[in-house]
Novice: 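Quick one: the structure is below, questions incoming.
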Amino acid sequence: MNTTSQDAIVLLKADHQEAKELFDKYENIKEHAGDDQKMEIAKKVCGALLIHMEIEEKIFYPRVRQKIDDADLMNEALVEHDGAKSLIQQIGELKPGDPMFDAKIKVLGEQIEHHVEEEEKEMFPKARDSGLDLIELGSQLFEAKNRLRVEHGLPALSTTSPTKTDTGSAPETTQAQVKAEKFSTKHSDEKFEFPKGQDAREIR
């Protein structure tokens, strides 16, 4: 695996973009897609979100909390994660043909959109100004993300991401597209199972 360092905020923003693209894709196909196609996208976005939330909670949030004076912001982010995990569990208990399946995917997307806006407009700028070593933190996030992907039955990612930050010359959209392409590999999510009574596995 290529372990080229990457900026933590660039990595997390790429995850956000990936989720947005998957939610948009679901919204565009839900009226005419079959149950298998709908479930495939639901598994992709929910699996990606569970892993993303886990690495934020176990690695990114604690480091940021130590550096910024905004406990309310950090606590609210955790509460928002709890709400998303609850919806993901509910989605996993439904069949795509259930009329509530589309509704829950839609609401999950709206909740994530709100959460992402707060992170990118409030938390991430504070983290970047805090003096955190975001390259080292990015490496930790990437390694943990790969470990969780494997535990969830997904292939590990190699990285072609540069060491540039999101204020540098390397466009974030390029990295997001690379990650989205890798997540969209045929059959890559066939082993993923929705959590039942528990959240994403803890990072070890």
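Every value quoted in this text rests on a predicted model; they were computed, and no experiment measured them. Keep in mind that the numbers below use all heavy atoms, side chains included, and drop hydrogens, waters and symmetry copies.
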Novice: Please lay out, stage by stage, how K44 and E40 fare under the test salt bridge (charged side-chain N to carboxylate O under 4.0 Å, His left out).
Specialist: CA-CA 6 Å; K44 283 182 178 180; E40 179 185 2; 3.6 Å; yes
Novice: Output yes when D24 and K20 qualify as a salt bridge under the 4.0 Å nitrogen-oxygen rule, no when they do not.
Specialist: yes
Novice: CG of D7 to NZ of K13: how many Å apart, nearest 0.5 Å?
Specialist: 9.0 Å
Novice: Check this for me: does any side-chain nitrogen of one of E54 and K58 sit under 4.0 Å from a carboxylate oxygen of the other?
Specialist: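 A salt bridge links E54 with K58.
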Novice: Between E80 and E118, is any pair of side-chain heavy atoms under 4.5 Å apart?
Specialist: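 Heavy-atom side-chain distance check passes, below 4.5 Å.
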Novice: So, do L12 and H52 sit near enough that their side-chain heavy atoms are less than 4.5 Å apart?
Specialist: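 They are in contact (side-chain heavy atoms under 4.5 Å apart), so the answer is yes.
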Novice: Give a yes or no on whether a salt bridge exists between E57 and K85, defined as a side-chain N under 4.0 angstrom from a carboxylate O.
Specialist: yes
Novice: Which pair of heavy atoms, one from K104 and one from I91, lies closest together, and at what distance?
Specialist: CB-CG1, 3.7 Å
Novice: Establish whether V150 and I55 are linked, either directly or via other cluster members, by ILVMFWY side-chain heavy-atom contacts under 4.5 Å.
Specialist: no
Novice: I'd like to know if K30 and E27 make a salt bridge, using a cut-off of under 4.0 Å between side-chain N and carboxylate O.
Specialist: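 So K30 pairs with E27 through a salt bridge.
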Novice: Side chain to side chain contact (heavy atoms under 4.5 Å, CB included) for Y61 and M123? Distances and angles first, verdict last.
Specialist: CA-CA 9 Å; Y61 286 0; M123 186 189 298; 3.6 Å; yes
Novice: For A71, does its backbone N or O pair with a side-chain atom of N75 as donor and acceptor, under 3.5 Å?
Specialist: yes
Novice: What's the separation between atom CD in Q17 and atom CG in L22, rounded to the nearest 0.5 Å?
Specialist: 10.0 Å
Novice: Find the distance between CG (L11) and CG (L134) and round it off to the nearest 0.5 Å.
Specialist: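 Output value for this atom pair is 11.0 Å.
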Novice: Any idea which heavy atoms bring A19 and L49 closest together, and the distance?
Specialist: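 Reported closest heavy-atom pair: CB-CD2, 4.1 Å.
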Novice: Quick check: closest heavy atoms across N146 and L157, and the distance to 0.1 Å?
Specialist: OD1-N, 2.6 Å
Novice: For H115, enumerate each residue passing the ring pair (Phe, Tyr, Trp, His ring centres under 6.0 Å) test, keeping only those at least two apart in sequence or located in another chain.
Specialist: H81
Novice: Out of curiosity, Q66 CD to I68 CD1, how far, rounded to the nearest 0.5 Å?
Specialist: 11.5 Å
Novice: Should K95 and F101 be marked as a side chain to side chain contact (heavy atoms under 4.5 Å, CB included) after you check the CA-CA gap, both sets of side-chain angles, and the distance that decides it?
Specialist: CA-CA 7 Å; K95 301 294 185 183; F101 193 88; over 6 Å; no
Novice: Specify the closest pair of heavy atoms between E120 and P125, including all atoms of both residues, with the distance to one decimal.
Specialist: O-CD, 3.3 Å
Novice: Output yes when a side-chain donor or acceptor of R149 lies under 3.5 Å from a complementary backbone atom of P155, and no otherwise.
Specialist: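 Confirmed, R149 side chain pairs with P155 backbone.
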Novice: Below 4.5 Å, heavy atoms only, C-beta onward: do F23 and E113 meet side chain to side chain?
Specialist: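 No; the side chains remain at least 4.5 Å from each other.
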Novice: Given side chain to side chain contact (heavy atoms under 4.5 Å, CB included), test E110 with H114 step by step and report yes or no.
Specialist: CA-CA 6 Å; E110 292 172 347; H114 170 76; over 6 Å; no
Novice: Mind checking the CD-CG spacing from E119 to D15? Nearest 0.5 Å is all I need.
Specialist: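 With rounding to 0.5 Å, CD (E119) is 10.0 Å from CG (D15).
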Novice: For the residue pair H16 and F124, does the interplanar ring angle fall in the parallel (under 30°), tilted (30 to 60°) or perpendicular (over 60°) class?
Specialist: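 The arrangement is parallel - the two ring planes meet at less than 30°.
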Novice: Just how far is it from atom CD1 of I51 to atom CG of L141, taken to the nearest 0.5 Å?
Specialist: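 I51 CD1 to L141 CG: 13.0 Å, rounded to 0.5 Å.
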Novice: Go through the side-chain N and O atoms of S139 and E143 and say whether any donor and acceptor fall under 3.5 Å apart.
Specialist: no
Novice: Hydrophobic clusters here meaning ILVMFWY residues chained together by side-chain heavy-atom distances under 4.5 Å, can you tell me if I29 and L108 are in one?
Specialist: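 Yes, one cluster joins them.
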Novice: Below 4.5 Å, heavy atoms only, C-beta onward: do L78 and R65 meet side chain to side chain?
Specialist: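 Yes. Closest side-chain heavy atoms under 4.5 Å.
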Novice: If I compare all heavy atoms of A127 with all of F60, which pair ends up nearest, and what's the gap?
Specialist: CB-CZ, 4.1 Å
Novice: Heavy atoms only: give me the nearest A84-M53 pair and the separation to one decimal.
Specialist: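 Looking at all heavy atoms of both residues, the closest pair is CB-SD, 3.9 Å.
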Novice: Please assess K38 against D102 for the test side chain to side chain contact (heavy atoms under 4.5 Å, CB included), listing each intermediate value before the final yes or no.
Specialist: CA-CA 9 Å; K38 290 169 68 172; D102 287 350; 3.0 Å; yes
Novice: Look at K126 together with D70 and state whether they make a salt bridge at an N to O cut-off of under 4.0 Å.
Specialist: yes
